[in-house]
Amino acid sequence: MRGAGNRYVFWAVALAAALAAPLALTNNYQLGVAHQALIFALLATGYNLLLGFTGLVSFGHIALFAIGAYASAILVVTFGAPFLVGVGAAAIIAGLVGVVIAMPALRIKGHYLTLLTLALGEVIRLLIRSMESLTHGSQGFSGIPRPEIFGMSFRAGVPLYYLLLFALVLGVAFVWRIEATRYGRAFKAVRDSEIGAEVCGVRTDHVKVLAFGVSAVFAGVAGSLYAHTMRFISPEFFSLGLTITLLAMVLIGGRGTVIGPIVGAILLISLPEWLRFVKDYYLILFGLAIWLCAIALPDGLAGAAARLLQARNSVRGRASLRT
Amino acid sequence: METFLQVLLSGATMGCIYAFVALGFTLTIAAAGVVNFAYSEWVTFGSYFGVTFAVILGWPLWLALGASIAGCIAIGWLFQLFVFTPLEGRHFLTSVSATIGIALAMQALVTLLWGPYPLTLPTFFGSSAVQIGTISVFPHNLLIIALAVLIIGGLQLALTRTSIGLRLQATAQDPMAARLMGIPVRRMRTLAYCLSAGIAGLSGFLVAPLFVVTNTMGFGLMLKGFAATIVGGWGSLKGAVYGGLLVGLIEALGAAYISSEYKELIAFAMIIVVLLVRPRGLFPERIAEKL
Amino acid sequence: MVELLSVRDVGKTFGGLKALDGVSFGLAKGEVLGLVGPNGSGKSTMINVLSGVYRPDGGDVRLDGRSLVGAKPSAIAAAGLSRTFQNLQIFGGLSVRENVLVGRDCRLRSGMLGGVFGLGGSLREEREAKSLAADLLEKVGLARFVDAPPSMLSYGQRRLLEVARALAADPKVLMLDEPCAGQSQAEADALAVLIRALAKTGIAVIVIEHNMRFVMNLVDRIVALNFGRKIAEGTPEAIRGDEAVIEAYLGRRGHAERR
Amino acid sequence: MKLLTVLSAAALALGAVSAQAQSDITLGMVVGTTGAFAGGEAPLVNGVKLAVEDVNAKGGVGGRKLKLVIEDTGSEQTGAVNAYNRILAQKPVAIMDTTVSGFVLSQLGAIEDEGVPTFTGAATAQIALDKKGVANLFRVRTSDSLVPGAATRFAARNLQAKRIGVLRVNNEYGAGWRSAIEGALAEMGMKPAIVESYEGADRDLTPQLLRIKEANVDALIVAGDPPNHVVAVQQIRQLGLNAKVIMSNSGVLPTTLRLYQGGAADGFYGTVDSLPAANPAHKAWADRYKAAFNVDADYSAAEYYDGVMMLADAIAKAGEKPADIVKALRALKDRAGVGNTYTYADKGDGGQTVAIGEIKGGRLELAAQVK
Amino acid sequence: MLSVDKLCVGYGEADVLHDVTLRVGEGEIVAVLGANGAGKTTLLAALSGLIPARAGEAMFDGRSLVGAAAERIVGWGLSHVPQGRRIFPGLSVMENLVVARTAATDRAEGGFAAAVAEAEELFPRLNERRDQLGWSLSGGEQQMLAVARALVARPKMILLDEPSLGLAPMIVETMFSTILEIRRREKVGMLVVEQNAEQALRVADRVYVMELGRIVLEGPADEVARDPAIERAYLGA
């Protein structure tokens with residue numbers, strides 16, 4: 001039980017640090033990086049439900065992020081809907097598309113699933129690009145306002161930071177809760193042994209569709225927040241390169257853990273910024289850091305930390321079992 | 001008919017290029033289960049090596065070709081030491097993220113080494129087309145197709161007719177049994193990596209005149225190569241070649257007969273259809289699943 | 001005998017190889033049945049057919065009169081047929097307790113949002129499931145490992161974990177695929193006691209096991225397979241003396257004596 | 001989350017370092033020095049460097065020297081926003097911004113909010129810099145609302161083309177060209193004979209060119225990035241497409257002209273804002289540029305040079321307050337620079353000149369001065 | 001020729017073999033019997049270098065097998081026919097043999113061609129199937145090919161893991177007859193690991209019986225065959 005206690009302390013400290021962070025984030029540059037980190041942390045947290053919890057390697061997740069961004073932008077700008085309606089619609093539409101993607105994905109496994117989702121994602125992105133009357137096509141969608149809720153504007157950096165943090169906290173709390181329910185267990189059971197889960201009575205098809213759907217809702221919300229934070233979106237941004245970045249966030253942070261994707265997103269967003277002091281060499285260092293992480297920490301940063309803790313506990317545990 | 005043949009020729013050229021990339025990509029998968037997402041940068045380096053030797057240093061083209069291949073093999077050798085060997089037997093995603101990291105670093109290195117401006121490489125036969133019947137043929141395209149037939153055919157022969165090729169196949173199919181036959185698995189894998197790198201060097205040199213040499217030229221190629229690899233059947237060399245040709249032809253025919261605007265969409269939609277009909281690719285590996 | 005589970009003429013072919021060839025047997029409530037045979041005789045295939053992992057080519061499997069042929073494994077588990085695996089299928093990323101709770105999944109009713117927000121009795125359901133899991137782990141002797149990851153367990157203990165997980169679904173029939181592999185004699189003895197106790201509560205048990213000493217001392221009845229066919233059926237004593245069985249295991253006696 | 005605080009502390013420390021050179025005026029620049037746009041934006045850096053040298057050689061502005069700080073976009077959208085904000089944190093007097101329209105559109109909020117005078121070479125008509133535009137954003141190039149139109153009129157009038165085709169890259173840039181061409185044709189009561197598109201990464205345009213060939217065009221306008229033009233030219237030659245070809249700006253950049261093999265592009269046209277050959281001042285400047293950087297100058301480098309020079313004048317006149325600089329710049333009318341002629345009096349669209357060049361012997365020569 | 005002393009082997013935390021000691025002489029056929037999970041396969045894998053030994057010694061032809069790489073051990077004349085045959089599925093019968101060729105094959109009279117000819121004489125079926133791919137062979141044919149592969153390497157001794165596994169009784173009988181034939185012709189020694197006690201007892205000179213990773217019984221084959229302990233080890237009593 002001590003472990004669980006530590007967990008609460010850890011999250012409380014993390015939340016306090018996040019709440020206090022704007023004190024240290026003194027300019028729009030730092031706030032801007034923090035905004036992106038929060039949005040991608042939310043996106044990666046949802047992606048982790050699919051990749052880390054359920055073990056389904058989808059390369060089409062960014063398309064759902066794009067759907068969220070466009071749905072919200074179109075509703076708010078073109079149809080004058082309030083921001084909250086935009087976010088809600090983004091969540092619902094992305095979630096539904098996620099479920100639709102899941103259908104063909106049920107039949108297909110492993111690397112073939114990876115390519116199938118990649119192709120589905122690209123098809124979605126290209127459809128967004130070709131629906132010019134709605135999405136302005138490849139010109140991109142500009143003039144998206146910053147969020148406004150019941151007359152309260154999140155135009156300035158600090159309030160927006162707290163709005164994004166609030167969304168992330170909600171998302172993390174959701175994942176944290178789901179981990180303790182039958183669905184959290186079923187997700188991981190499907191990942192660890194699909195046949196084992198099925199034979200235990202878990203309806204694995206149902207579980208996979210659910211995982212796709214829920215992670216798509218996260219992507220939709222994150223997409224909407226992205227659109228209203230950056231105020232400009234274009235089909236080119238939601239490309240395969242971003243999918244790979246997202247994947248790296250979850251892997252480097254540690255898939256299958258709650259904290260992993262958050263750490264990964266913050267690291268991948270901010271590390272290139274830290275490394276700017278080496279000027280032209282920063283991307284080389286950044287790339288080498290990713291390589292080193294992957295080779296040295298196959299379970300990601302969170303996985304490595306967990307193993308360290310576990311090794312310490314098991315030494316203690318064994319000692320107590322012996323008595 | 002004229003249009004059809006012309007499109008077929010250009011589709012086949014692109015298909016051969018994709019087949020090269022898919023083949024190089026598949027070699028490391030087959031040999032050790034390692035997915036190399038830095039393959040795009042291998043090809044890019046192959047192109048830049050070509051420019052360096054042929055244009056900057058002014059070597060004869062064939063010599064520059066050899067040197068580019070050698071340069072890429074050297075890169076493959078370094079990868080073997082620092083990337084592939086630590087990744088053997090790891091989860092597929094681990095090799096994805098490790099090689100993506102290296103790819104990023106290599107891409108940044110290209111700009112530092114060769115500067116930001118696009119470069120180009122002359123072809124062996126100049127840049128004018130030859131008229132054959134009603135269609136015009138660019139000799140370099142014919143060279144690519146001929147080399148593809150030669151190299152892929154030669155590789156096929158080497159893999160099936162020589163004892164070292166058979167040993168390579170044996171290593172890919174069952175490394176444990178291969179060791180029991182006295183096959184040095186480590187060296188066989190290194191050979192596969194170097195072959196893969198050599199193909200990257202060749203592809204880089206061949207695509208440079210068609211592609212214009214830039215720091216980002218490899219990524220789109222690899223994406224298509226990756227698709228071809230899976231459409232063909234994971235880890236199947238034969239599948240990689242046919243997958244590459246298929247992707248190249250679908251793209252060209254789709255653009256010519258349906259719409260250039262929706263060309264990519266058609267190509268990806270076709271990939272989805274292929275996977276739904278054949279969930280394990282065109283040439284699935286015959287390995288029984290055991291419970 | 002009132003048959004709880006009835007297997008009739010079940011056949012299964014893999015690429016021309018007849019893994020099962022018209023096998024029939026029945027099972028009554030509270031009965032312990034041993035399924036034996038040399039390697040490759042079709043025992044595991046039979047369990048895979050019964051649990052819905054493989055679809056039989058022919059024949060019928062009925063539980064309480066209801067046919068299970070063509071049903072998904074999850075539906076079969078919900079119908080009351082649970083199993084363990086020869087090659088363990090433990091969920092390595094879940095704790096020992098959570099592994100057992102996954103076995104309970106087909107009996108849980110709460111939905112995703114209900115679970116997340118603790119609505120509609122989902123908290124009570126979860127609490128009850130947890131206490132059931134604790135009881136089962138106590139029963140198989142893994143109580144002190146509830147919160148541990150399965151990697152802390154020995155191979156033999158992991159087999160027990162699979163037994164607990166299978167029991168969590170309240171099965172009518174429990175199928176154990178080589179439950180003794182990797183276990184010490186003491187552990188095997190404890191397992192035998194547990195299986196007998198389960199049978200007393202009315203659960204029917206099918207045991208596949210190579211450890212013949214274990215099987216002979218445990219079961220009420222044995223079905224022996226060889227090359228996918230049933231070659232003998234009867235009490236342990238009868239099987240031990242059965243020529244066909246001895247031949248299947250040791251080859252023909254006559255040859256050995258000849259030398 | 002702790003990480004975030006550490007990060008911000010680190011960033012803070014970095015910010016402090018840049019504060020040391022108190023006496024210099026910081027001029028910011030946001031371009032891609034890595035990634036896909038590094039090649040296209042390298043000349044801008046050269047142009048700005050040359051300008052900063054020139055200003056400082058004359059003793060700087062009001063006795064203080066200009067110090068150039070460059071931030072990399074990484075050729076990515078979020079990178080561009082971060083780079084712009086990074087520069088802002090270093091309190092620049094003005095910012096020379098990227099030419100990538102999508103990036104500028106993403107920065108627009110920060111540009112407007114902070115009010116720092118910002119020059120951009122992003123030509124897209126989408127960044128509305130007409131009368132209502134963003135007060136402190138100044139375009140140093142000729143807008144894409146003008147250039148494609150000029151190319152179209154050149155095709156229709158000078159080249160007497162009746163059937164005009166369009167081959168454009170399928171992105172924001174190509175889309176802008178397409179609609180501008182269609183607009184210009186409509187003014188003349190015409191319609192494009194055919195519009196074909198391709199992906200930026202495509203290296204085989206055979207299907208598109210065959211369709212264009214079948215459409216029997218007299219002139220073809222091609223819009224895309226340098227590699228796209230090189231591929232298009234090569235394949236137009238190979239397929240024997242007999243049409244006059246007018247390329248968008250990047251097709252006739254000096255760094256692109258080097259890539260056409262064996263005079264393949266001779267006889268092709270391209271749009272530029274200005275040509276050294278047609279303007280003695282530009283010519284003299286281009287020679288200096290070539291001496292300094294060992295590469296031929298392109299007009300956008302000259303325009304970024306002009307931007308810095310106009311800025312220096314404005315500071316000298318009005319002081320260093322952003323609002324005052326903006327006001328001073330807004331007073332400019334028909335100011336002749338080396339790369340363009342600028343009027344910011346009632347709009348942010350400064351550049352107005354468009355020229356059409358023809359490639360002869362691998363070099364660009366003036367075919368028509370449009371304005 | 002092969003002498004194993006107090007060999008201990010394990011995976012991860014579990015020890016599988018405890019103090020295993022055995023000898024195989026030149027040209028001798030020795031069987032190791034035992035039920036599933038007794039550790040027989042692990043023993044062979046340790047001898048051929050696939051898994052490292054934790055303690056003890058194993059000498060073959062004057063060289064220590066402990067710590068030697070599997071791919072080198074073959075060259076010393078010790079071939080391992082693994083459990084489940086491990087035929088290369090994508091190679092033809094002939095190609096499977098080509099891959100098994102070693103320096104010893106070439107040193108022997110007639111080289112590779114003679115080695116293949118001899119193997120095909122023992123297993124005429126392989127000659128008929130020469131160009132057929134590995135995965136398409138029946139279980140019996142695969143077993144023949146696995147043994148033929150070992151023979152092509154011109155070994156001094158063969159480690160044979162469960163040659164009867166999953167084969168029909170008739171084929172098993174032929175297989176074991178061939179084993180005797182191989183010894184007669186090539187004078188190679190063999191260490192045979194088997195579940196099928198009867199067949200193994202028929203061909204073996206000496207027998208070791210393993211239970212739970214230890215040798216519990218050893219002796220000449222006819223003595224062990226009469227020992228009631230053997231039946232107990234299989235059927236439980």
Side-chain angles (χ1 to χ4, degrees), chain B residues 2-4 6-11 13-14 17 104 107-108 110-112 115-123 126-131 135-141 207 209-217 219-221 223-224 248 251-264, chain D residues 31-43 45 72 74-75 167-168 170 194-214 225-231 233-241 250 253-256 258-264 295:
Chain B
E2 184 185 334
T3 308
F4 179 73
Q6 192 78 58
V7 170
L8 206 63
L9 179 70
S10 73
T13 307
M14 292 312 288
I17 293 170
L104 258 175
Q107 199 196 81
V110 163
T111 311
L112 285 179
Y117 302 113
L119 299 167
T120 188
L121 189 62
T123 67
S127 56
S128 47
V130 181
Q131 210 65 27
I135 65 170
S136 39
V137 178
F138 184 33
H140 190 73
N141 288 18
V207 300
L210 295 183
F211 267 55
V212 182
V213 182
T214 66
N215 54 357
T216 51
M217 64 181 284
F219 187 76
L221 254 184
L223 175 59
K224 299 283 160 57
E251 265 189 345
L253 293 173
Y257 290 103
I258 305 179
S259 152
S260 61
E261 179 100 33
Y262 297 107
K263 178 186 74 122
E264 295 274 288
Chain D
V31 282
T33 57
T34 62
F37 300 121
E41 301 202 311
V45 177
D72 178 24
S75 301
L167 176 62
R168 56 105 180 177
N170 207 338
I194 185 169
V195 179
E196 285 289 320
S197 68
Y198 59 90
E199 302 299 320
D202 278 357
R203 292 300 179 263
D204 176 28
L205 305 176
T206 308
Q208 288 91 335
L209 290 171
L210 286 174
R211 285 161 79 117
I212 289 167
K213 198 175 172 185
E214 273 165 22
D225 287 335
N228 304 138
H229 286 295
V230 177
V231 170
V233 165
Q234 201 166 311
Q235 297 184 354
I236 284 170
R237 284 289 186 219
Q238 281 158 23
L239 294 174
L241 182 69
S250 57
L253 295 175
T255 46
T256 312
R258 305 189 302 193
L259 303 177
Y260 299 119
Q261 308 237 326
V295 59

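Protein chains get the first letters and strands the later ones, always in sequence-line order, with residue 1 at the start of each.
- With contacts defined as side-chain heavy-atom distances shorter than 4.5 Å, the pair B/Gln6/D/Leu239 qualifies.
- If you measure heavy-atom distances from B/Leu121 to chain D, the contacts under 4.5 Å come from the backbone alone.
- Heavy-atom distances place no part of B/Leu104 under 4.5 Å from chain D, backbone and side chain included.
- With a 6.0 Å radius and a threshold of 12 heavy atoms from other residues, nucleotides or ligands, B/Tyr257 has its OH atom above the threshold.
- The CD atom of B/Glu264 sits 9.0 Å away from the CG atom of D/Asn170 when rounded to the nearest 0.5 Å.
- Using a 4.5 Å cut-off between heavy atoms, D/Gln234 touches chain B through its side chain atoms alone.
- Only the side chain of D/Val295 comes within contact range of chain B, with heavy atoms under 4.5 Å apart.
- Contact count versus chain B (heavy atoms, under 4.5 Å) is highest, among D/Ala42, D/Ala201, D/Pro226, D/Gly262, for D/Ala42.
- Shortest non-hydrogen contact noted between B/Thr111 and D/Ala38 is CG2-CB, 4.3 Å.
- Most heavy-atom pairs under 4.5 Å with chain B, from the set D/Ser75, D/Ala36, D/Gly40: that is D/Ala36.
- Taking every heavy atom of both residues into account, D/Arg258 and B/Thr120 meet most closely at O-CG2, 4.5 Å.
- When heavy atoms are compared at a cutoff of 4.5 Å, D/Asn228 does not approach chain B at all.
- To the nearest 0.5 Å, the span separating CG on B/Asn215 from CZ on D/Phe37 amounts to 10.5 Å.
- Neither the backbone nor the side chain of B/Ala108 comes within contact range of chain D; no heavy atom of the residue lies under 4.5 Å from a heavy atom of that chain.
- When all heavy atoms of B/Leu210 and D/Arg203 are compared, the pair lying nearest together is O-CD, 4.0 Å.
- At a 4.5 Å heavy-atom cutoff, D/Arg237 makes no contact with chain B through either its backbone or its side chain.
- For D/Gln235, no part sits under 4.5 Å from any heavy atom of chain B, backbone or side chain.
- Contact of B/Thr123 with chain D is made through the backbone alone, with heavy-atom distances under 4.5 Å.
- Expressed to the nearest 0.5 Å, how far CD of D/Gln208 lies from CD of B/Glu261 amounts to 10.5 Å.
- Closest non-hydrogen pair, B/Ser260 versus D/Glu196, comes out as OG-OE1, 2.5 Å.
- Taken from CG in D/Leu259 to OH in B/Tyr117, the straight-line distance is 12.0 Å, to the nearest 0.5 Å.
- Here the closest heavy-atom approach between residue D/Asp204 and residue B/Ser10 is recorded as OD2-OG, 3.0 Å.
- Within the model, atoms NZ of D/Lys213 and CD of B/Glu2 stand 6.0 Å from one another, a figure rounded to the nearest 0.5 Å.
- Interface remark: of the candidates B/Gly220, B/Gly248, B/Gly254, B/Pro118, B/Pro118 forms the most heavy-atom pairs closer than 4.5 Å to chain D.
- What you find for D/Pro227 and B/Thr214 is that their closest heavy atoms are CG-CG2, 3.9 Å.
- Each of D/Gly200, D/Pro43, D/Gly32 has some count of heavy-atom pairs under 4.5 Å with chain B, and the biggest count is that of D/Pro43.
- A heavy-atom distance below 4.5 Å is not found between the side chains of D/Thr34 and B/Gln107.
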